[in-house]
> 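Just passing along the structure, written as structure tokens.
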Amino acid sequence: MILAFFIITVLLWVLYFKFEKKIRKKGRVQEMPNTTLNILGKIFNEAGEEYGHEVIVILYQNELKTVIGIESEEFIKVKKDAIIAQEDTGEVGVYIDTLRVGYLNESSAKEFCNFIKIKSLSEHDAFEVDAIVIGNPKGDKWYVKLNMPHDMQKFRYKLY
């Protein structure tokens, strides 16, 4: 009986240490990466294609509520500045007011990373882009759209 208890305890500790990062990640607000980001400039879009790039935000509804900070029963549409930056995982995070609010989808993340490589920029270089946060507080459904081209090879940007 004591041996079984000891084995179960050891097994639980091993599982905890194996999945520790995932467990901690779910329980706290995600902020900008720990590495120092160098915000190089701002990405612009062509006229007529405004805010067509949707961000994956399913897991970040509470962060979006924090970013908006508006109590309303009505549909809300707020313009914000966002930062897009590569992360150690290979994903490209989208940050508003230093809080991670989502990620670029897989193909857009690849294009952004290729853009960084082609321009001989560092993995720690980030860009600012206009964003719009859209939602209905009653429905608790929030969306983020970025004002940048779908084809990231057509980036127009201004360096700071």
Side-chain angles (χ1 to χ4, degrees), residues 16-70 75-137 139-160:
Y16 173 77
F17 285 115
K18 184 174 182 176
F19 297 106
E20 178 182 15
K21 287 183 181 178
K22 288 183 182 179
I23 292 168
R24 276 196 264 143
K25 192 175 190 179
K26 288 184 180 181
R28 63 185 166 110
V29 173
Q30 298 296 311
E31 294 186 358
M32 296 276 262
N34 292 333
T35 58
T36 303
L37 291 179
N38 180 23
I39 302 172
L40 284 182
K42 186 165 186 168
I43 296 172
F44 296 98
N45 203 2
E46 299 297 326
E49 295 182 7
E50 290 86 7
Y51 301 101
H53 195 91
E54 199 161 319
V55 175
I56 301 169
V57 296
I58 295 168
L59 300 175
Y60 297 93
Q61 296 296 304
N62 287 333
E63 286 80 356
L64 288 168
K65 288 179 190 176
T66 301
V67 165
I68 295 300
I70 299 172
F75 179 79
I76 296 173
K77 188 175 184 180
V78 178
K79 289 184 180 182
K80 291 283 198 173
D81 290 326
I83 304 294
I84 56 174
Q86 290 185 63
E87 296 185 355
D88 296 337
T89 60
E91 297 173 312
V92 177
V94 178
Y95 301 88
I96 297 177
D97 296 342
T98 72
L99 296 176
R100 181 186 304 134
V101 296
Y103 290 98
L104 294 182
N105 65 37
E106 187 177 343
S107 64
S108 296
K110 281 183 183 177
E111 286 187 43
F112 180 76
C113 293
N114 286 338
F115 169 78
I116 295 291
K117 286 179 188 174
I118 289 169
K119 298 297 182 183
S120 299
L121 302 173
S122 165
E123 292 179 357
H124 300 294
D125 289 337
F127 281 88
E128 187 177 358
V129 62
D130 290 331
I132 195 161
V133 180
I134 304 166
N136 182 349
D140 274 347
K141 295 267 183 166
W142 296 91
Y143 304 93
V144 175
K145 293 188 177 191
L146 301 178
N147 191 19
M148 57 189 231
H150 285 291
D151 181 359
M152 293 195 193
Q153 301 306 319
K154 297 180 180 177
F155 267 0
R156 282 190 321 113
Y157 60 95
K158 177 181 176 185
L159 297 178
Y160 294 138

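Remember, predicted model here, so these are calculated numbers, not experimental data. Side-chain atoms are counted along with the backbone in the values below, which use heavy atoms only and exclude waters and symmetry mates.
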> Holding to side chain to side chain donor-acceptor pair (under 3.5 Å), I want the full list of residues that pass it with S107, two or more places apart in sequence or in another chain.
N105
> Which residues pass the side chain to side chain contact (heavy atoms under 4.5 Å, CB included) test with L40, not counting sequence neighbours?
N38, L121, D125, F127, L159
> Hey, could you give me the CD/CG distance between E128 and D81, rounded to the nearest 0.5 Å?
4.0 Å
> Please examine the side chains of Y60 and W142, heavy atoms only from C-beta on, and report whether any two atoms are closer than 4.5 Å.
no
> Tell me every residue that passes side chain to side chain contact (heavy atoms under 4.5 Å, CB included) with I132, counting only those two or more places apart in sequence or in another chain.
Y51, K77, K79, I134, K145
> For a 4.5 angstrom cut-off between non-hydrogen side-chain atoms, does K42 reach D130?
yes
> Report the distance from atom NZ of K80 to atom CG of L146, rounding to the nearest 0.5 Å.
14.5 Å
> What residues, two or more places apart in sequence or in another chain, satisfy side chain to side chain donor-acceptor pair (under 3.5 Å) together with K119?
none
> Between I56 and E91, does a side chain to side chain contact (heavy atoms under 4.5 Å, CB included) hold up when you go through it step by step?
CA-CA 11 Å; I56 301 169; E91 297 173 312; over 6 Å; no
> If I take atom CD from residue Q86 and atom CG from residue L104, how far apart are they, to the nearest 0.5 angstrom?
10.5 Å
> Would you say the side chain of V133 lies within less than 4.5 Å of the side chain of V101, judging by non-hydrogen atoms?
no
> Apply the test side chain to side chain contact (heavy atoms under 4.5 Å, CB included) to residues I43 and I84: give CA-CA distance (whole Å), side-chain angles for both, the deciding distance (0.1 Å), then the verdict.
CA-CA 10 Å; I43 296 172; I84 56 174; 3.8 Å; yes
